[in-house]
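Taking it in order: structure first as structure tokens, then the write-up.
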Amino acid sequence: MKTFWRNFARNRGAVVGLVILVLVLIVALTAPWIFPGSPWDMAGAPFAPPGEDGMLLGTDSLGRDVAAGIAHGARVSLLVGAVSTVVSLVIGIGLGAIAGYLGGWVDDVVMRFTEFFQTIPSFVLAILLVAIFTPTIQSIVFAIAVVSWPPVARVVRAEFLSLRSREFVQASEVLGKSRISIVLGDILPNALSPIVVLSSLMVASAILLESALSFLGLGDPNMMSWGFLIGSGRSVIRMAWWMSVFPGIAIFLTVLSLNLVGEGLSDALNPRLPRNRGGKP
Amino acid sequence: MTRLLTVENLTVGLPQGADRPHAVEGLSLHVDAGEILCVVGESGSGKSITANTVMGLLPKLLPVKGGSITFEGEDILALSEEAMRDRRGRRMAMVFQEPMTALNPLMKVGDQIAEALAVHGRGQDAAKRVPELLAAVNLPDPASIARSHPFRLSGGQRQRVMIAMALALEPALLIADEPTTALDVTTQMQILRLVREIQSRQGMGVMFITHDFGVVAEIADRVVVMQHGRIVEQGAAQQVLNAPQHPYTRALIAAVPHGDAAARPAVSVQPMLEMKGIEKTYHRGGWFGPKATVRAIHSADFTLFKGETLGLVGESGSGKSTLARCVVRLVEPEKGEIIFAGEDLRPLSRTGWLPYRKRIQMVFQDPYASLNPRRKVGDAIAEGPITYGVDPAEARARAAELLRLVQLDPSALERYPHEFSGGQRQRIGLARALAMQPELLIADEPVSALDVSVQAQVLNLLADIRKRLGLTMLFITHDLRVAAQICDRIAVMQRGAIVEIGSTAEVFGAPKHPYTRALLDSIPGQGWTPPDLSRSA
């Protein structure tokens with residue numbers, strides 16, 4: 001664990017990303033105390049620019065506090081990002097493990113099924129799903145999960161294919177262990193590194209997807225989210241730039257930090273990367 | 001005789017955090033024109049570093065800390081990169097260990113040899129020289145080989161191409177870094193003869209790096225023995241081989257499997273395992289394009305009697321591992337019967353197999369891949385019995401006992417596999433198999449990834465445990481000397497079929513099949529009988 005942190009900290013960008021991510025998390029968790037009351041309530045005069053009227057980031061067309069919207073939106077964005085990633089990991093790891101471990105015709109069937117999802121533009125499919133199931137937070141999470149599991153399944157399948165033929169897996173087979181305990185005990189722990197890296201990037205893309213859906217007006221109407229904030233500021237961007245810019249910065253920083261953390265994880269978990277080297281190789 | 005290369009007091013550093021401060025230390029040796037110097041040592045002894053230093057191919061993180069290297073009268077450590085490039089290939093050339101990766105896969109081999117000529121300004125001769133060179137390394141039909149891409153050639157052929165490339169500019173010094181280690185024994189013999197022949201024809205000096213004393217006996221004029229980056233002994237081949245002075249050399253030579261097949265009494269007549277009519281065919285190619293089938297196993301019947309050790313011997317691709325894997329159902333054959341203790345195992349389901357899993361266990365080849373890197377040694381050994389309902393505390397106590405049996409400290413229970421050396425890991429793998437208290441042990445090349453001294457320890461341990469526990473063993477190996485040492489009977493496999501089977505003494509003493517004879521003739525160093533060092537050691 002100690003060496004893991006040392007390797008992670010070697011990548012400066014990853015540390016910066018982690019700091020930003022922790023700050024965003026703190027804001028999301030403390031939003032009800034910093035900005036008590038609903039972010040949908042009127043807090044001041046409409047179109048107040050940042051700094052005026054006691055509003056740090058200004059107000060929108062209905063006099064709602066943009067800063068409160070961003071803080072409460074962080075909860076929704078992070079929640080959607082995390083939950084949809086977990087759901088797609090479950091689907092992706094499950095299918096990928098089955099395909100990679102069993103191989104043969106099962107592999108063929110599962111992979112064709114995966115390709116079926118990969119050939120449909122994912123954003124269009126997500127819009128379609130949300131439109132069919134009416135926009136609620138559940139349907140949005142479901143839609144994002146449905147469009148983002150195929151890469152997980154492919155990565156897991158590839159790892160399983162290569163690990164399955166390793167001698168320690170064959171040894172477990174010869175010991176007479178059940179398939180489930182071979183998959184969970186021998187193969188999966190050795191395939192975790194790429195999955196961890198991939199999932200940090202998936203949280204980022206899930207946040208972007210949710211924002212894009214909200215921007216198009218397909219967000220949960222009862223939930224304040226970053227995409228909704230940008231979407232509502234779009235029509236008045238020339239007179240009230242702050243309504244779109246600040247939520248945009250929030251999305252940008254969060255996605256950037258998740259990508260940096262993902263890259264740091266991938267470096268720290270890759271044993272083949274040269275370390276402790278003085279000169280050029 | 002002219003002195004080609006003199007290395008004096010060479011010291012090469014290792015990066016910080018390595019297990020010793022210097023890769024090689026105080027190393028002095030020389031190579032004369034027209035002689036073959038063998039550099040022998042186990043892995044990590046610094047022999048490849050020595051070769052790379054002479055070639056000027058050291059990675060930058062290994063600094064030369066002292067000493068001098070004189071080649072044809074010049075101090076080559078002082079030469080510029082440019083001047084070194086000019087010497088490399090023209091005056092000194094190198095052949096690498098792994099023929100499969102040493103050639104550019106996208107370039108025809110003729111063009112690659114021509115390139116070697118062209119970089120030294122002799123490109124205009126290429127059309128004439130390339131076929132000459134390919135003929136000189138005894139490749140049949142040089143013209144068509146020159147037009148082939150590397151993937152069409154076998155390992156032995158590729159190594160010949162590498163040698164042809166090294167010889168292209170008639171260098172004075174050829175450095176060969178384990179050029180035959182990755183090759184089959186019959187191919188190894190051909191390459192050794194080739195190196196000898198070319199060396200005497202052209203009067204080159206050859207520095208030949210190897211870990212195999214059989215190879216040394218086959219081609220060396222002089223020998224340098226290395227251990228932990230130092231030279232412990234050097235001298236004429238006859239002297240070092242037959243009257244070694246340094247304890248390390250003596251230990252190495254004592255560990256060489258001598259290939260003497262002592263007559264062993266037949267152990268029993270009660271069959272434990274019978275393989276009848278097993279067939280396994282691999283299909284390649286998909287819906288489109290031509291299909292290819294490879295008959296991995298056909299007509300490979302044998303019977304294994306209770307208490308004996310049967311050796312399955314053959315070259316790579318002969319199907320010996322596949323056949324062994326059929327016994328434990330890691331490979332499922334299409335046809336045939338696998339009769340174990342009176343029952344045919346082949347048609348059994350996964351659950352039907354479970355009672356037999358306990359009774360048949362396997363030890364694998366690669367000590368680095370056969371243990372789960374994320375599981376503690378104790379858990380790895382105990383998990384088999386626990387799967388079969390043994391109480392976990394009891395299983396762990398038993399694991400500690402087994403570690404003692406394979407001569408490891410029981411404190412190893414709480415450690416992870418990466419903390420152990422190859423030989424130790426192989427013992428852990430053996431303990432894991434023994435934890436199931438099997439009747440039949442399948443050992444798939446259990447010592448071929450190990451250094452010779454470790455190999456001897458593991459072989460002795462296997463023989464000892466087998467005797468103590470009354471195990472029956474199926475022992476797969478490509479090394480006939482190892483087979484002779486440990487097996488009661490030997491089955492020789494070639495292209496998926498068993499061509500000869502008989503007692504070890506019979507197979508070695510009076511081989512019937514021409515392929516067995518070819519294999520036996522290819523054992524390196526047959527003219528040399530390792531001296532019996534047990535008395536004076």
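Lettering follows sequence order; numbering is per chain, from 1.
For the options G185(A), S178(A), S172(A), heavy-atom pairs under 4.5 Å to chain B are most numerous at G185(A). For the options D186(A), V174(A), I187(A), V169(A), heavy-atom pairs under 4.5 Å to chain B are most numerous at V174(A).
For I132(A), the CD1 atom is densely surrounded, since the number of other residues' heavy atoms within 6.0 Å is greater than 12. Environment of CZ in R112(A): crowded, with over 12 heavy atoms of neighbouring residues, nucleotides or ligands closer than 6.0 Å.
With a 4.5 Å cut-off on non-hydrogen atoms, Y368(B) does not touch chain A at all. Looking at L354(B), only its side chain comes within 4.5 Å of chain A, counting heavy atoms on both sides. Proximity to chain A is limited to the side chain of R350(B), based on heavy atoms less than 4.5 angstrom apart. Interface remark: S181(A) contributes no atoms to any contact with chain B (heavy atom separation under 4.5 Å). If you measure heavy-atom distances from I360(B) to chain A, the contacts under 4.5 Å come from the backbone alone.
Ring planes of W353(B) and Y356(B): perpendicular class, angle over 60° (limits at 30 and 60°).
Taking both residues in full, the closest heavy atoms of M362(B) and A433(B) are given as O-CB, 3.8 Å, listed atom of the first, atom of the second, then distance.
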Subject >> salt bridge (Lys or Arg N to Asp or Glu O under 4.0 Å) between R396(B) and E414(B), intermediate numbers included >> reply: CA-CA 11 Å; R396(B) 289 187 69 84; E414(B) 294 303 322; 2.8 Å; yes
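Looking at residues two or more places apart in sequence or on another chain, you find a side-chain contact (heavy atoms from CB on, under 4.5 Å) between V390(B) and P385(B), E394(B), A395(B).
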